Protein chains: 2
Amino acid sequence: MSVENHAADDAATAFASHDHSTCRAQALQAADDLAAAQGVRLTPVRRRTLEILLETHRALGAYEVLERLGAEGFGSQPPVAYRALDFLVQHGLAHRVQRLNAFAACLSPGHDHAPAFLICRACNKVAEADAPEIRSALRAAAVGVGFSVERMTVEALGLCDACAAAERPE
Amino acid sequence: MSVENHAADDAATAFASHDHSTCRAQALQAADDLAAAQGVRLTPVRRRTLEILLETHRALGAYEVLERLGAEGFGSQPPVAYRALDFLVQHGLAHRVQRLNAFAACLSPGHDHAPAFLICRACNKVAEADAPEIRSALRAAAVGVGFSVERMTVEALGLCDACAAAERPE
DNA sequence: CAGACATGAGTTATCTCATAACATTACGGT
DNA sequence: ACCGTAATGTTATGAGATAACTCATGTCTG
C-alpha cells in the first residue's frame with residue numbers, strides 16, 4: 001500500500017510514514033484560520049500548546065505539555081496546561097483521549113467531527129478514524145431505548161501495522 | 001412503553017423502572033456460577049464489591065467503593081478496592097467506564113461482551129447497550145488502515161428519557 | 001499433620017491527573 | 001485614559017491509581 005497523501009486528509013496518516021512538516025503546518029494553518037473566522041484568540045500559550053501536540057502523533061498528558069510550556073517561559077502550574085488544552089478541545093483543534101487521560105492534536109480541524117481513535121499500545125501513536133457508521137449505529141441503538149446522545153467516545157486499543165510486524169517474530 | 005422485562009436481558013434495564021432485586025440477584029447468581037465454573041475465588045471482598053456496584057445502576061468510583069468496604073470491616077486503603085474491582089472487570093463481572101473513571105456492575109456476565117455504555121449526565125445511571133454493529137463497524141474501519149483492534153471503548157454521554165423529560169419544562 | 005508454595009488481603013507511601021479559588025495582567029471598545 | 005472582560009499566573013488541594021512490602025489463608029504434597 002503506497003503512501004501518497006499530501007496531508008491529513010486521510011484517516012490513518014498517523015501510522016503511515018508521511019511528510020510530517022506538512023501535516024503540522026496544515027493543522028496550524030487551519031487553527032489560525034479558524035481563530036480568525038470565529039473571532040477567538042489563539043494566544044501564544046494556546047498556539048504553542050497546539051504546536052507541541054502536533055510534534056508527534058502521540059497523545060500527550062497535560063503534565064507533559066506543561067513541562068514543555070514551563071521550560072519555554074510560560075506558566076508552570078497545571079491550570080496553564082489544562083486551560084490551553086481545554087481551549088483547543090473546545091474549539092475542535094485537539095481531542096481528548098479518554099483511555100490515556102491525554103490529548104492529541106486534531107488533524108482535520110474545522111470539521112466539527114467526533115472521530116474514533118485508534119491507539120497503538122506499542123508505539124502509542126493515535127490515529128483518527130472518521131467512521132460515521134459507528135456514530136449513527138450508536139445513536140440508533142440509543143434511540144431504541146429512549147436515550148438521547150450528546151457526546152460520544154469511541155476508542156480502540158490495539159496494534160498498528162508496523163508494531164504488529166515488529167512483535168510477531170518474538 | 002411498558003416495562004415487563006423480568007431481568008437484565010434487555011439492553012436498557014437501567015433507565016427503566018424494574019424489579020431491581022431480581023436484577024441484582026441474577027447478576028450475583030451469575031457471578032457465583034461463573035466463579036465455580038472457572039475455578040476462581042469470589043472471596044468476601046470481591047463479592048461484597050460486586051454487591052455494592054449492583055445496588056444502583058450508576059458507576060461508582062473506586063474510592064466510593066472503598067469507603068463502603070472500609071466501613072464494613074474490610075481494608076480501607078485504595079489497593080483493596082482497586083484489586084477487587086480489577087478482578088471483577090477481568091472476569092467480566094463489572095465494566096470500567098472510562099468517561100467517569102468509574103466502575104459499573106455487568107448485568108449480563110458470562111457473555112464476554114464489550115458493550116457500549118449510555119451514560120445519563122443528569123441521573124448518572126449507566127446502561128449497557130449491546131450493539132454488535134458498532135463494534136464491527138469500528139473493526140472494519142480499523143482494518144482499512146492496517147490496525148488490529150484488541151479492546152474497544154464505546155461510550156455515549158447524554159440524557160435518558162426520564163431526565164430529558166424533567167429538564168424540558170425548565 | 002507438617003511444611004512448602006501460591007494466592008489473596010492489608011498497609012504505607014507515592015505518583016499522576018485535575019480543578020477550585022483568587023491575584024494579576026493584557027486587550028478592545030469608547 | 002478608562003473600564004470591563006478575557007486570559008494568564010499562582011497557591012493549594014482534591015481525586016484517581018499503583019508500587020512495594022508484609023501478613024494471613026488455603027491447598028497440595030508427602
Side-chain angles (χ1 to χ4, degrees), chain A residues 31 35-36 38-50 52-53 58-91 93-104 119 124 126 153 155 157, chain B residues 31 35-36 38-53 58-91 93-104 119 124 126 153 155:
Chain A
Q38 299 194 348
V40 297
R41 296 165 52 198
L42 191 58
T43 61
V45 219
R46 293 170 176 173
R47 195 165 201 283
R48 187 71 195 111
T49 299
L50 180 56
I52 290 170
L53 290 183
R58 296 187 307 111
L60 300 182
Y63 279 68
E64 291 181 81
V65 171
L66 178 60
E67 202 172 326
R68 297 285 307 275
L69 290 174
E72 296 175 17
F74 295 102
S76 59
Q77 299 306 314
V80 171
Y82 280 102
R83 281 197 286 241
L85 290 166
D86 286 348
F87 171 88
L88 296 175
V89 170
Q90 210 92 42
H91 292 83
L93 299 170
H95 298 289
R96 178 175 198 127
V97 183
Q98 300 282 348
R99 187 117 202 167
L100 305 175
N101 291 328
F103 301 83
I119 308 163
N124 282 309
V126 174
T153 303
E155 299 177 356
L157 191 69
Chain B
Q38 299 192 350
V40 297
R41 296 166 50 199
L42 192 58
T43 61
V45 218
R46 291 170 177 174
R47 194 165 200 283
R48 188 72 194 109
T49 299
L50 180 55
E51 285 174 7
I52 290 170
L53 291 182
R58 297 187 306 112
L60 300 182
Y63 279 69
E64 291 181 81
V65 171
L66 177 60
E67 202 171 326
R68 297 285 307 275
L69 290 175
E72 296 176 16
F74 295 101
S76 60
Q77 299 306 315
V80 171
Y82 280 103
R83 280 196 286 239
L85 290 166
D86 286 349
F87 171 89
L88 295 175
V89 169
Q90 210 91 44
H91 293 83
L93 299 170
H95 299 289
R96 174 171 203 134
V97 183
Q98 300 283 347
R99 186 119 200 166
L100 306 175
N101 290 328
F103 301 82
I119 308 164
N124 282 309
V126 173
T153 302
E155 299 176 357

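No experiment lies behind these values; they were computed from the predicted model shown. Letters A, B, ... are given to chains in the order of the sequence lines, protein chains preceding strands, and every chain is numbered from 1.
As a whole-Å value, the separation of B/Arg47 CZ from C/dG8 C1' is 18 Å. Remark: P of C/dC15 and OH of A/Tyr63 are 13 Å apart, rounded to the nearest angstrom. A straight line from CZ of A/Phe87 to C1' of D/dA7 spans 11 Å, rounded to a whole angstrom. Rounded to whole Å, the distance from CG on B/Leu42 to P on C/dG8 is 12 Å. Taking atom CG of A/Asp86 as the reference point, atom C1' of C/dT19 lies 10 Å away to the nearest angstrom.
To the nearest 0.5 angstrom, A/Thr49 atom OG1 is 7.5 Å from A/Phe74 atom CZ. A/Leu100 contributes atom CG, which lies 7.0 Å from atom CD of A/Glu155 (distance to the nearest 0.5 angstrom). Here the straight-line distance linking atom CD of B/Glu51 with atom CD of B/Glu72 works out to 8.5 Å at 0.5 Å rounding.
DNA chain C lies under 4.0 Å from at least one heavy atom of each of the following residues of residues 64-85 of chain B: B/Phe74, B/Gly75, B/Ser76, B/Gln77, B/Pro79, B/Val80, B/Arg83.
Between A/Arg99 and A/Ile119, the closest side-chain pair of non-hydrogen atoms falls below 4.5 Å. Contact of the A/Leu85 side chain with the A/Leu53 side chain is registered, since non-hydrogen atoms from C-beta on lie closer than 4.5 Å. Using a 4.5 Å cut-off on side-chain heavy atoms (C-beta onward), A/Tyr63 and A/Tyr82 make contact.
Take the nearest nucleotide of DNA chain C for B/Arg46 and for B/Asn101: the residue whose nucleotide is more 5' is B/Arg46.
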